[in-house]
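A, B, ... follow the sequence lines: proteins, then strands. Residue 1 opens every chain.
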There are 2 protein chains.
Amino acid sequence: MSTKATTHATTPQFDELDRRIVAALVENARASFNEIGAAVGLSGTAVKRRVDRMRADGVITGFTATVRPSALGWGTEAYVEVYCDGAAPPRRLAEVVRNHPEIVAAMTVTGGADALLHVRAASVQHFEEVLERIRAEPFVRRTVSSLVLSDLLAPGGEHAAAPGTDRAARGGGAALLR
Amino acid sequence: MSTKATTHATTPQFDELDRRIVAALVENARASFNEIGAAVGLSGTAVKRRVDRMRADGVITGFTATVRPSALGWGTEAYVEVYCDGAAPPRRLAEVVRNHPEIVAAMTVTGGADALLHVRAASVQHFEEVLERIRAEPFVRRTVSSLVLSDLLAPGGEHAAAPGTDRAARGGGAALLR
DNA sequence: GCTGAAAGGGTGACAAA
DNA sequence: TTTGTCACCCTTTCAGC
């Protein structure tokens, strides 16, 4: 609470216009700058300049297509809590995690487990094989798996593929961009 | 294993070219059709037709910008296991989940918990407030939270905002598109 | 799936507020 | 400092093949 009276702490130069531009791009990353400009009340050129700045600032990290994993044959999804022997160094954990392409997200967490993995596989059989590989890793002591039964936000099974993304512009960008 | 000798069961008409086009779009959703065509050995027109078909088939569900939530002031992330009273109907759970914009993903799962929620908040204080709101919902009996400490796949905190997405084109799209 | 042509978007330089 | 206009070139899009 030093320079501005915004509702959240954000990047210094990030105004309402930027917020609406990001919202438009989250909703449709292939929209033209002119289209976005018309929606937010700016010229296409001005929109492009702001987008370039936000990319340089690391606010926007990229543009990606969202796909339905089930359409690609990846119909099985699970979350796996990992319990490690002794103090598991996050640095080492990260290396291990990178060796299994089926792990689509992984993080260290508070609570009983040391890490939480988000895994996608082609089938339950495939998932079992992945789990065996993970449990065979040096300092993994125990795992607790939860298979995903149904998505409560996108019942159709609409999911995607991109660096660490989740949801946002559903019904108008309620989540991250209010 | 009926018509083709592909490695996984996928949508009927989905070949190697489609796979590479999707991979290109996941890596950069704003790439031009000509660029993609040059990369996969097709004309831009042919690429567009395939993309249009895949959108119609629901393989590609959209295009979105990926952002760093922390840059937008959403620096706190947690997973919340929800235990319900009696048989919690997924239909009702979905309604509840939609009332809290901080819930960026939610699913029913196997194991002890009935549902798993992925929550993003501006701060630990904000998260606590969200948790109180969730626990006040009618048939929520108990919750178990795990605060995310660090991302093991994108250490920089690079995350995103889009309908149900996660990772894929990191270092060449190892995950969903091998 | 390719080619060609018309419409429209991306991008940089320049001037103005 | 940020925006708008303009000009150039590339992309998109839709024929017809």
Side-chain angles (χ1 to χ4, degrees), chain A residues 2-6 8-67 71-72 162 169 177, chain B residues 3-6 10-68 71-73 160 162 169 177:
Chain A
S2 56
T3 54
K4 273 171 139 192
T6 48
H8 297 301
T10 58
T11 315
Q13 301 96 327
F14 188 86
D15 62 15
E16 178 65 17
L17 245 28
D18 288 326
R19 214 207 83 256
R20 292 174 63 192
I21 290 170
V22 171
L25 283 170
V26 164
E27 197 171 346
N28 176 18
R30 283 185 81 87
S32 76
F33 293 140
N34 283 340
E35 271 181 285
I36 297 169
V40 307
L42 232 50
S43 74
T45 317
V47 172
K48 181 200 185 294
R49 275 195 288 251
R50 281 169 177 261
V51 170
D52 286 345
R53 175 174 51 71
M54 288 190 280
R55 291 199 52 150
D57 290 353
V59 174
I60 295 173
T61 57
F63 304 99
T64 187
T66 57
V67 303
L72 294 171
L177 299 164
Chain B
T3 55
K4 273 174 148 191
T6 49
T10 59
T11 315
Q13 302 96 330
F14 189 86
D15 62 15
E16 178 65 17
L17 245 28
D18 288 326
R19 214 206 85 256
R20 293 174 62 192
I21 291 170
V22 171
L25 283 170
V26 164
E27 197 172 345
N28 176 17
R30 283 185 82 86
S32 76
F33 292 139
N34 283 342
E35 268 181 285
I36 298 170
V40 307
L42 233 51
S43 74
T45 317
V47 173
K48 180 196 186 296
R49 269 204 290 259
R50 281 169 179 261
V51 171
D52 287 345
R53 175 175 50 71
M54 288 191 280
R55 290 198 53 147
D57 290 353
V59 174
I60 296 173
T61 57
F63 304 99
T64 187
T66 57
V67 304
R68 230 171 4 102
L72 295 170
L177 300 164

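- Without hydrogens or angle criteria, B:R30 side chain to A:A29 main chain gives a donor-acceptor distance under 3.5 Å.
- By the side chain to side chain contact (heavy atoms under 4.5 Å, CB included) test, B:R55 pairs with B:V51, B:I60, B:F63, sequence neighbours left out.
- Between its opening and closing five pairs, the helix from C:dG1-D:dC17 to C:dA17-D:dT1 changes axis direction by 30°, a value rounded to 10 degrees.
- Remark: the backbone N or O of B:G62 is paired with a side-chain donor or acceptor of A:T66 at under 3.5 angstrom.
- With sequence neighbours excluded, no residue satisfies side-chain hydrogen bond (donor to acceptor under 3.5 Å, both in side chains) with A:N28.
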Which atom pairs, donor and acceptor, lie under 3.5 Å between side-chain atoms of residues 37-49 of chain B and protein residues at least two apart or in another chain?
residue	atom	partner	partner atom	Å
B:S43	OG	B:A46	N	3.2
B:K48	NZ	B:D52	OD2	2.4

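- For DNA chain D, the contact window with chain B, defined by any atom under 4.0 Å from a protein heavy atom, covers D:dT11 to D:dC14 in 5' to 3' order.
- Here the CZ-CG distance, from A:R19 to B:L72, works out to 10.0 Å after rounding to the nearest 0.5 Å.
- Looking at heavy-atom distances under 4.0 Å, B:R50 makes contact with sugar-phosphate atoms alone, never a base.
- Checked against side chain to side chain contact (heavy atoms under 4.5 Å, CB included), A:D18 has the following partners two or more places apart in sequence or in another chain: A:F14, A:D15, A:R50, A:R53, A:M54.
- The CD atom of B:E16 sits 10.5 Å away from atom CD1 of B:I21, with the distance rounded to the nearest 0.5 Å.
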Could you write nucleotides 7-14 of chain C as a row of B, S and -, 5' to 3', where a protein heavy atom under 4.0 Å of any base atom gives B, of only sugar-phosphate atoms gives S, and otherwise -? --SSSB--
